[in-house]
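Everything on this sheet refers to the single structure shown next.
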Number of protein chains: 2
Amino acid sequence: MAREITEVACPHRLKASRDALDVIQGKWRIPIIISLTYGKKRFGEINKDIADISPKMLSQELKALEENKIIVRTLYDSMPVTVEYSLTELGLSLNKLLEELLIWGIHFRETIVGK
Amino acid sequence: MAREITEVACPHRLKASRDALDVIQGKWRIPIIISLTYGKKRFGEINKDIADISPKMLSQELKALEENKIIVRTLYDSMPVTVEYSLTELGLSLNKLLEELLIWGIHFRETIVGK
DNA sequence: GTAAGTAGTTACCTACAGGTAAGTAAAATA
DNA sequence: TATTTTACTTACCTGTAGGTAACTACTTAC
């Protein structure tokens, strides 16, 4: 019965969904990921892309995304040290989820606001 | 160029994604939605499904989900007053997004933990 | 009358997300 | 020598998410 599915399958499903949510949640993660889908960028470039983020928050969120293997930080020891951030394979694999989030968000807006 | 897409299309995309995230984010929203995908339920039944939620949090989150038109609250004035919660069309339409969240969550776990 | 069930509410507390402002270090430029 | 650029860090503050515990109101069963 449905009861069995609920009790047996749900804890695992819940844990995975929660993991995914934890990675993309917060105010800045998605903007950062989207900023990097258009290619590798430097700290200052991301900062310009996302106008209202403070360097503290950007630094903090980049660190978190790096820990979760969503992005990689590459340091070039050129004359003025430059750092570049880019999406990993795992980061790129978020594409479908982000797309679905976007689609539902639009649907939500149409349903709530539109009528 | 990509630059143009970034600057023109992103603010709207971001807003929609953020809207969607706001609806499902937090510790209890997804568990509650999943609990209701298996049919309408009463307060006490959801409380039993999600063992560690407090009545305060359940009440609070049900109210928020109702405000966002994800669920409906139906009151039956039978002898002991009973209340039933069920998913709306909009709530049911979250299915694909939740599925995608689950799929990526599993992929994430395999990539991070598995190897 | 007392207990138990249904569906919550109220008051209070803590932890973390996020924000502001300023400081840091190293090299390039003027 | 002083200023600018890049990439941050540090200290401090506020607001919200979430938690605990106890209380409420109504009804049925014992």
Side-chain angles (χ1 to χ4, degrees), chain A residues 14-15 17-36 39-68 70-87, chain B residues 14-15 17-36 39-68 70-87:
Chain A
L14 271 179
K15 217 167 186 298
S17 301
R18 182 121 286 284
D19 283 346
L21 211 52
D22 283 343
V23 171
I24 58 168
Q25 115 198 115
K27 196 172 173 181
W28 304 114
R29 305 266 168 97
I30 291 180
I32 293 169
I33 293 165
I34 289 176
S35 170
L36 289 176
K40 56 173 73 170
K41 290 209 176 124
R42 297 168 60 182
F43 190 91
E45 291 180 289
I46 305 171
N47 209 352
K48 258 165 230 154
D49 261 19
I50 309 164
D52 49 350
I53 194 171
S54 70
K56 177 206 146 184
M57 287 310 295
L58 183 53
S59 170
Q60 185 179 297
E61 297 304 293
L62 284 170
K63 214 167 279 170
L65 287 170
E66 200 195 347
E67 266 166 30
N68 285 330
I70 305 300
I71 62 172
V72 269
R73 192 186 123 112
T74 318
L75 187 125
Y76 301 96
D77 55 343
S78 44
M79 294 103 224
V81 179
T82 51
V83 183
E84 274 186 344
Y85 297 92
S86 55
L87 289 179
Chain B
L14 271 180
K15 218 167 185 301
S17 302
R18 181 121 288 284
D19 283 346
L21 211 52
D22 283 344
V23 171
I24 58 169
Q25 115 197 118
K27 195 172 174 181
W28 304 114
R29 305 265 169 97
I30 291 180
I32 291 169
I33 293 164
I34 290 177
S35 170
L36 290 176
K40 57 172 75 170
K41 291 213 174 117
R42 297 167 60 182
F43 190 91
E45 291 180 290
I46 304 171
N47 209 353
K48 260 165 228 156
D49 261 20
I50 309 165
D52 48 349
I53 195 171
S54 70
K56 177 206 145 184
M57 287 311 295
L58 183 52
S59 170
Q60 186 179 297
E61 297 304 292
L62 284 171
K63 214 166 278 171
L65 288 169
E66 199 194 347
E67 265 168 31
N68 285 331
I70 305 300
I71 62 173
V72 269
R73 191 187 123 112
T74 318
L75 187 124
Y76 300 96
D77 56 343
S78 44
M79 293 106 222
V81 179
T82 52
V83 182
E84 275 185 345
Y85 296 93
S86 54
L87 290 178

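Order of the sequence lines sets the chain letters (A, B, ...), proteins ahead of strands, with each chain counted from 1.
Taking CG of B/Leu58 as the start and CG of B/Asp49 as the end, the distance is 10.5 Å to the nearest 0.5 Å. Note that CG of A/Leu36 and CG of A/Leu62 are 7.5 Å apart. Values are rounded to the nearest 0.5 Å. Rounding to the nearest 0.5 Å gives a distance of 10.0 Å between CD1 of B/Ile46 and CD of B/Glu84. Put simply, NZ on A/Lys63 and CD1 on A/Ile71 are 11.0 Å apart, with the number rounded to the nearest 0.5 Å.
Rounded to an integer number of Å, the gap from CG of B/Leu62 to C1' of C/dT9 is 14 Å. Counting to the nearest Å, the P atom of C/dG18 and the CD atom of A/Glu61 are 6 Å from each other. A/Lys48 has its NZ atom 15 Å from the C1' atom of D/dC8, to the nearest Å. Rounded to a whole Å, the CG atom of B/Asn47 is 13 Å from the P atom of D/dT20. What separates CD1 of A/Ile46 from P of D/dC8 is a distance of 9 Å, to the nearest Å. Residue B/Leu58 contributes atom CG, which lies 16 Å from atom C1' of D/dT20 at whole-angstrom precision. Atom P of nucleotide D/dG18 and atom CG of B/Asp52 are separated by 13 Å, given to the nearest angstrom. B/Lys40 has its NZ atom 18 Å from the C1' atom of C/dA7, to the nearest Å.
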Extract from the structure each pairing of a protein N or O with an N or O of nucleotides 9-11 of chain D at less than 3.5 Å, listing the distance.
residue	atom	partner	partner atom	Å
D/dT9	OP1	A/Lys63	NZ	3.1
D/dT9	OP2	A/Ser59	OG	2.5
D/dT9	OP2	A/Lys63	NZ	3.1

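With contacts defined as side-chain heavy-atom distances shorter than 4.5 Å, the pair B/Lys48/B/Glu45 does not qualify.
The phosphate of C/dT6 has neither OP1 nor OP2 within less than 4.0 Å of any side-chain N or O from B/Arg42. Applying the 4.0 Å criterion to OP1 and OP2 of C/dG8, one finds that B/Tyr85 has a side-chain N or O inside that range.
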Notebook entry, point to check: Should B/Tyr85 and B/Ile32 be marked as a side chain to side chain contact (heavy atoms under 4.5 Å, CB included) after you check the CA-CA gap, both sets of side-chain angles, and the distance that decides it?
Noted result: CA-CA 10 Å; B/Tyr85 296 93; B/Ile32 291 169; over 6 Å; no
Next item on the list: Would you sort out whether A/Arg73 and A/Val83 count as a side chain to side chain contact (heavy atoms under 4.5 Å, CB included), showing the intermediate values?
Entry: CA-CA 7 Å; A/Arg73 192 186 123 112; A/Val83 183; 3.6 Å; yes
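Residues B/Lys41 and B/Ser35 approach most closely at NZ-O, 2.9 Å, considering heavy atoms.
Pair assignment for D/dT24: C/dA7, on the basis of Watson-Crick or G-U wobble contacts that are both within less than 3.5 Å.
For DNA chain D, none of the residues of residues 19-31 of chain A falls under the heavy-atom distance limit of 4.0 Å.
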Under 3.5 Å, which donor-acceptor pairs do the side chains of residues 17-30 of chain B form with other protein atoms, sequence neighbours left out?
residue	atom	partner	partner atom	Å
B/Ser17	OG	B/Arg13	O	2.9
B/Arg18	NH1	B/Asp22	OD1	3.3
B/Arg18	NH2	A/Gly26	O	2.4
B/Asp19	OD2	A/Arg109	NE	2.5
B/Asp19	OD2	A/Arg109	NH2	3.1
B/Arg29	NE	B/Glu61	OE1	2.7
B/Arg29	NH1	B/Asp22	O	3.2
B/Arg29	NH1	B/Val23	O	3.2
B/Arg29	NH2	B/Glu61	OE1	3.4

